[in-house]
Undergrad: 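Here it is, the structure, as structure tokens.
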Number of protein chains: 2
Amino acid sequence: MITVNALSEVAALMGDPARAAMLQLMMDGRAHTASDLAHVAGVTAQTASGHLARMVDANLLAARAQGRNRFYRLASGEVAHAIESLMALAGERAQPASKTAAWRRDPDLRFCRTCYDHLAGQVGMVVTDSLTRHGHLEPKGARDWALTRSGELFCQRLGVDLDGARQAGTRHFARQCLDWSERRPHISGALGAAIADTFFKKGWAERLRRGRTVRLTDSGRRALGSHFDTSV
Amino acid sequence: MITVNALSEVAALMGDPARAAMLQLMMDGRAHTASDLAHVAGVTAQTASGHLARMVDANLLAARAQGRNRFYRLASGEVAHAIESLMALAGERAQPASKTAAWRRDPDLRFCRTCYDHLAGQVGMVVTDSLTRHGHLEPKGARDWALTRSGELFCQRLGVDLDGARQAGTRHFARQCLDWSERRPHISGALGAAIADTFFKKGWAERLRRGRTVRLTDSGRRALGSHFDTSV
DNA sequence: CCAATAGTTCGGTCACGGCCGAATTATCAT
DNA sequence: ATGATAATTCGGCCGTGACCGAACTATTGG
């Protein structure tokens, strides 16, 4: 097995948006099911299966079968290190791998957190509910939403980078993402990420140092009232 | 400017074989002209120019104009670090950045060295000359070679991974590479890399710790006699 | 001034690879 | 047994992006 260009092969694996999303989820150090990984990547199970097989082949991931699930995790700390150093180049902050098993009970986490790169928890639901209630978002197919004309205007007024979100490769634009604490779908996909970005950029929300918990700032509370007519 | 998926964007830049080849050349810490970079990547100047512009845009590279040349180098140590950690994943060894300016005079270097990933110097020329002398390689176009049927058989007998080399994306298969010490073209491209790989794998040659110098082993000398009917 | 060289921009071609639908296998639940 | 869920393989579609030829600009040197 000759390695004509080893660097490009590994980098190309990480260079696909869907695979990168999966890898970033696995940066928490835990093992995730193929379904979960397909979900954060915004692709179908078949597509995800192909991606995962390739990454296992390249020794980026380790797979473990358990019942009818297969769990995937990063193959080694070196993989995590490489991903971190790449994210550092892009000015992103990688959340260090912490093995807090009790994270499911955290009330702050249930209130507001990131689900990979978009908002989840009560705040994520408030945003999603407000968008659907005002007719900005309409269900489309089984797992997507369509952004209506009024939704487009609303996002522009809010300062959401719609162009950037639409350029996000073949990633789903407005995906339904099942919220594990609320048990209902919130907005994810490229649009969900762009909205979350707006929250952070305007200082409405702040990521806490570790983990996925997000703190809603005072101006964030006011924004929820004025833009999403909800009080939390 | 929203970063919907920062990781994949950086990784995708490094994930192209041509760009990866350029980056690996720049891992020596020096600045290189656009022509040189096009050359090791095995692409035309236009294509290289586009690649370089994109990498400068993404702050992976820094460019400096000097006369009618433009010199490109890695933008920071962080970039080098990220590349190293990726190469480590693939089991490759990154050659540490040494600034030996006197490398042009080194007689060992003139005798045998790697030119990015293929053999250069007298040994590289011996191999190339032998292949052309026996009709295994024929000039094709201005800067390429064609591997003849007899060349194909010869490579198979030698244990060169032709299939692997042919899969190397859009990289040129058998490129002519101007040898700076011999002033004649030697074999490069995917085939040149595969041949060099064979030399290393069979123990005919060994990379020295630092720099590009390659040591021809005793069995390597014998192999040059038996397979390439040349004594050095 | 003219020829040669380095580099870039533009336009058009083409193939690789990501994507999904459909079908298949395996496990779990009733 | 029967149906539901998790995961995979296969086949075919299609868009992104890498590539090159041609034309253009800038610098150097005779």
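The structure presented is a predicted model; accordingly, all values stated were derived computationally and were not measured. In what follows, chains carry the letters A, B, and so on, assigned in the order in which the sequence lines appear, proteins first and then strands, with residues in each chain numbered from 1.
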Undergrad: Report yes or no: is there a donor-acceptor pair, N or O only, under 3.5 Å between the side chain of A:Q46 and the base of C:dG21?
TA: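 Side chain to base: pair present.
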
Undergrad: Would B:E78 and B:S76 satisfy side-chain hydrogen bond (donor to acceptor under 3.5 Å, both in side chains), going step by step from the backbone distance to the final call?
TA: CA-CA 5 Å; B:E78 291 187 350; B:S76 69; 4.7 Å; no

Undergrad: Could you tell me how far apart A:H39 (NE2) and D:dA6 (C1') are, to the nearest whole angstrom?
TA: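 A:H39 atom NE2 is separated from D:dA6 atom C1' by 16 Å.
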
Undergrad: Could you work out, with side chain to side chain donor-acceptor pair (under 3.5 Å) as the rule, every residue matching A:S49, not counting sequence neighbours?
TA: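 If we apply the side chain to side chain donor-acceptor pair (under 3.5 Å) test to A:S49, skipping adjacent residues, there are no hits.
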
Undergrad: Please give, in whole Å, the distance from C:dA6 P to B:H32 NE2?
TA: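 Nearest whole value for this atom pair: 17 Å.
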
Undergrad: What is the distance, rounded to the nearest whole Å, between atom CG of A:D16 and atom C1' of D:dG15?
TA: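 Computing the A:D16:CG to D:dG15:C1' distance gives 13 Å.
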
Undergrad: Consider the side chain of B:A34, meaning its heavy atoms from C-beta on, and name the nucleotide among C:dC20, D:dC19, C:dT8 that approaches it most closely.
TA: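 Closest of the options to the side chain of B:A34: C:dT8.
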
Undergrad: At 4.0 Å (heavy atoms only), tell me whether A:Y72 reaches a base, stays on the sugar-phosphate, or touches nothing.
TA: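 Sugar-phosphate contact only - A:Y72 comes under 4.0 Å of backbone atoms but never of a base.
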
Undergrad: Determine the minimum heavy-atom distance between B:I83 and B:M14, stating which atoms define it.
TA: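 Shortest heavy-atom contact: CG1-CE, 3.9 Å.
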
Undergrad: At under 4.0 Å, does any side-chain N or O of B:T47 touch on OP1 or OP2 of D:dA18?
TA: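 For D:dA18, OP1/OP2 do not have a side-chain N/O of B:T47 under 4.0 Å.
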
Undergrad: Tell me, which of residues 53-67 of chain A have any heavy atom that sits under 4.0 Å from an atom in DNA chain D?
TA: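 Contacts with DNA chain D under 4.0 Å: none.
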
Undergrad: Looking only at side-chain N and O atoms, does A:H51 come under 4.0 Å of OP1 or OP2 in C:dC19?
TA: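 Yes, A:H51 has a side-chain N/O under 4.0 Å of OP1/OP2 on C:dC19.
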
Undergrad: Does B:T44 put a side-chain nitrogen or oxygen below 4.0 Å from OP1 or OP2 of D:dC19?
TA: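 No, no such contact exists.
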
Undergrad: Over how many whole Å does the gap from B:R70 atom CZ to C:dG7 atom C1' extend?
TA: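 In whole Å, C:dG7 C1' lies 8 Å from B:R70 CZ.
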
Undergrad: Over 60° means perpendicular and under 30° means parallel, so classify the ring planes of B:H136 and B:F154, tilted if in between.
TA: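 Rings of B:F154 and B:H136: parallel, as their planes differ by under 30°.
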
Undergrad: What integer distance in Å separates B:L37:CG from C:dT8:P?
TA: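 One finds 10 Å between P of C:dT8 and CG of B:L37, rounded.
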
Undergrad: Quick one: closest heavy-atom pair of B:H81 and A:S85, and the distance?
TA: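 Here B:H81 and A:S85 meet closest at CD2-CB, 3.6 Å.
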
Undergrad: Side chain of A:N69: nearest nucleotide among D:dA7, C:dC19, C:dA6?
TA: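 Closest nucleotide to the A:N69 side chain: D:dA7.
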
Undergrad: Rounded off to whole Å, could you give me the CG-to-C1' distance for the A:L13 and C:dG17 pair?
TA: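 Distance check: A:L13 CG to C:dG17 C1' gives 12 Å.
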
Undergrad: Between atom CG of A:L13 and atom NE2 of A:H51, what is the distance when rounded to the nearest 0.5 Å?
TA: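 Rounded to the nearest 0.5 Å, the CG-NE2 separation comes out at 10.0 Å.
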
Undergrad: Can you tell me the distance, in whole Å, between the CZ atom of B:F71 and the P atom of D:dT27?
TA: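 In whole Å, D:dT27 P lies 15 Å from B:F71 CZ.
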
Undergrad: Among D:dA4, C:dG7, D:dT8, which nucleotide has an atom closest to any side-chain atom of A:R68?
TA: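 Comparing D:dA4, C:dG7, D:dT8 against the side chain of A:R68, the answer is D:dA4.
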
Undergrad: Could you give me the CA-CA distance, side-chain angles and deciding distance for A:T148 and A:L137, then say whether side-chain contact (heavy atoms from CB on, under 4.5 Å) is met?
TA: CA-CA 6 Å; A:T148 64; A:L137 229 44; over 6 Å; no

Undergrad: Between C1' on C:dC16 and CD on A:E9, what's the gap in Å once rounded to a whole number?
TA: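 Answer to the nearest Å: 14 Å.
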
